[in-house]
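Quantities reported herein were computed from a predicted structural model and do not represent experimental measurements. Every heavy atom of this structure was used, including side-chain atoms; hydrogens, water molecules and symmetry mates were not. Convention: sequence-line order gives letters A, B, ...; per-chain numbering from 1.
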2 protein chains.
Amino acid sequence: MPQGRGIDRSSYEPAYVQLVNILRGAIASGQYQAGDQLPTESELCSAYDVSPMTVRRAIGMLLDQGAVSTTRGRGTFVQPLRLATATFDLSEFHDILAEPGVTARIVEARVLPAGPRAAANLGVADGTHVVSIRRILQRGDKPLIYHRESLVYDPTRPTIESELDVTALRDMFEGGVGSGPKRGELILHASVLTDEEAGRLGLDPGSAAWVLEHIFYGYDEKPISWGCFICRGDLFSFRASVGAPAPEGEANAGARRNRR
Amino acid sequence: MPQGRGIDRSSYEPAYVQLVNILRGAIASGQYQAGDQLPTESELCSAYDVSPMTVRRAIGMLLDQGAVSTTRGRGTFVQPLRLATATFDLSEFHDILAEPGVTARIVEARVLPAGPRAAANLGVADGTHVVSIRRILQRGDKPLIYHRESLVYDPTRPTIESELDVTALRDMFEGGVGSGPKRGELILHASVLTDEEAGRLGLDPGSAAWVLEHIFYGYDEKPISWGCFICRGDLFSFRASVGAPAPEGEANAGARRNRR
DNA sequence: TAGTGGTCTAGACCACTTA
DNA sequence: AAGTGGTCTAGACCACTAG
């Protein structure tokens, strides 16, 4: 049983968060190692004088973090380090868009017949007219991201003008894409800049780049838009950690919920 | 209030899962749209005849999925689509390693003085001897991933031999890295193959590639290993979705075949 | 002040594993 | 048969938001 700490009932920190930190600390320090069994729920209940639901919630959080696994009838066991649990997010992109000096410059916006790839992805017949938008995200004069997008052309939905400024992109990350799309799929590719892309971004053709491809669907499950963000490989990378999170002594847990 | 469904107490599916599906369906169908307030917890309790904890758990899941946000004193509200909530995982790597015909071929394994980057990342003095391992992951004869790794040389820990076969890599994803490391950090870069890397992978120099860089730390918070997986950009991509997850009945059309 | 979600209690019954 | 985690109940008090 972890030593030296108990639950501080007067703390602003909920009991279940304290318990998570106690257990995670015991794992991080090697007191419980991969494969070891944690104390049973009832043991934890009596050891820390909390109710079963509180222990359950703490263990549930460790489960979500991949730190332990549970088997009904056997117990709770410390999980070994697994790369497969690592996840990457788009916070770097989001941070870029949130910066004050970042603007979007439209380099093309017109209605034209869809190419074969756009038609396939948008679920329309080859040659159907779609709205094509190309824009550069830049900080000052420095291009960061080149965005190409094709939207199904729907004259009854005049949202197009509102799609054109920076806030449209910012909203895509932060606040929602109009009220239209209900669901999106993203694919991240490694790529190398073509001549056109390199020209837009002011780099040499053949430079490393990310491509973040996206498709958005409406409530009817039909595609609304398809496009991709082409990002300088030298400016963006993705980070993740596995195992015991952040060695910083922060009491950062619990902050996962309730963003916004 | 969502219509037409109730909680089936005789189902193998827990009540809270059923409630999540009911609410998510109501959001996906547009019955509740971004910004709308969901029924309060007590309303849901009486509407579906379940206890507060069950409703709470269902809403907690929607919160984790980013589908709703909650504010104490105000209520529960449907979240708009936000790209920033998308996460990518390494399941493709994991799947590759799990395939039966995939093997690891050691192309180098020796003790040599650390270069400046390895020394810095491993936290040892420049020129300290480290174990350098380079291997190719291949399916049959086809190279998929080139892995370079440097391990701090510790004669007291003779785990080195066991690090050399396929299972060592598989375990890194699935089962854990020996019993040594406790924590790891990962960085994903977009890159372009150097001559040496291209030679190892049987591709042309300048091809697109992923580089997954990793550092593992032991219980003493000292680095144990540093290295990177260099992966063919044409074979790997990362997928994620935002908003209501893809419907069961496979309506995702062309999103699958697409590879830029 | 009324209503909301956030936390927590002290149990219960069940399915499952192990011996 | 004993012990484990998985689900669920029917409340409680609190902090916060709103009118």
For the student: nearest non-hydrogen atoms of [X] and [Y], plus distance:
X	Y	value
A:Ser46	A:Glu43	OG-O, 3.1 Å
B:Gln79	B:Val68	CG-C, 3.5 Å
B:Leu144	B:Ile96	CD1-CG2, 3.6 Å

As a test of reading the structure: which of [options] is closest to the side chain of [X], going by heavy atoms?
X	options	answer
B:Glu41	C:dG6, C:dT9, D:dT9	C:dG6
B:Ala15	D:dC8, C:dC8, D:dG5	D:dC8
A:Pro14	C:dG5, C:dT7, D:dC8	C:dT7
B:Tyr16	C:dT7, D:dT7, D:dG5	D:dT7

Rounded distance (Å) that lies between atom [atom2] of [N] and atom [atom1] of [X]:
X	N	atom1	atom2	answer
B:Asp49	D:dT7	CG	P	19 Å
B:Leu62	C:dG5	CG	C1'	14 Å
B:Gln37	C:dG3	CD	C1'	10 Å
B:Tyr12	D:dT7	OH	P	14 Å
B:Gln18	D:dG6	CD	P	19 Å
B:Glu43	C:dG5	CD	C1'	13 Å
B:Leu38	C:dG3	CG	P	19 Å
A:Leu23	D:dG5	CG	C1'	15 Å

Phosphate OP1/OP2 of [N] contacted by [X] side-chain N/O (<4.0 Å):
X	N	answer
A:Thr54	C:dT9	yes
A:Arg57	C:dT7	yes
A:Thr70	D:dT4	no
A:Thr76	D:dG5	yes

**Message:** Quick check on the 6.0 Å ring-centre criterion: do A:Phe238 and B:His189 meet it?
**Reply:**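 Judged by ring-centre distance (under 6.0 Å), A:Phe238 and B:His189 do not meet the cut-off.
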If you measure only the distance, is there a donor-acceptor pair under 3.5 Å linking the side chains of A:Glu185 and B:Ser241?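 No, no side-chain donor-acceptor contact under 3.5 Å.
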Ignoring hydrogens and angles, state whether a donor on the side chain of B:Arg24 or B:Gln65 is under 3.5 Å from an acceptor on the partner side chain.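 Their side chains do contain a donor-acceptor pair, which is all the 3.5 Å distance test asks for.
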A:Leu90/A:Phe229 under side-chain contact (heavy atoms from CB on, under 4.5 Å): CA gap, chis, key distance, verdict: CA-CA 12 Å; A:Leu90 296 173; A:Phe229 294 90; over 6 Å; no
5' to 3', nucleotides 11-19 of chain C under a 4.0 Å protein heavy-atom cut-off (B base, S sugar-phosphate only, - none) gives B---BBBS-
Apply the side chain to side chain contact (heavy atoms under 4.5 Å, CB included) test between B:Tyr16 and each candidate in B:Ile59, B:Thr54, B:Val50; give the one that qualifies.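 Between B:Tyr16 and the candidates, side chain to side chain contact (heavy atoms under 4.5 Å, CB included) is satisfied uniquely by B:Thr54.
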For DNA chain D, the dot-bracket notation using Watson-Crick and G-U wobble pairs below 3.5 Å, [ ] for pseudoknot-type crossings and | for other-strand pairs, is ||||||||||||||||||.
Q) Between A:Gly75 and B:Glu13, which is nearer to the 5' end of DNA chain D once each is assigned its nearest nucleotide? A)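 With B:Glu13 and A:Gly75 compared, the 5'-side residue is A:Gly75.
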Counting only heavy atoms not in A:Asp49, do more than 12 sit closer than 6.0 Å to its CG atom?
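Atom CG in A:Asp49 is not crowded, with 12 or fewer foreign heavy atoms closer than 6.0 Å.
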Check against side-chain contact (heavy atoms from CB on, under 4.5 Å), A:Phe88 and A:Leu188
CA-CA 11 Å; A:Phe88 300 89; A:Leu188 200 54; over 6 Å; no
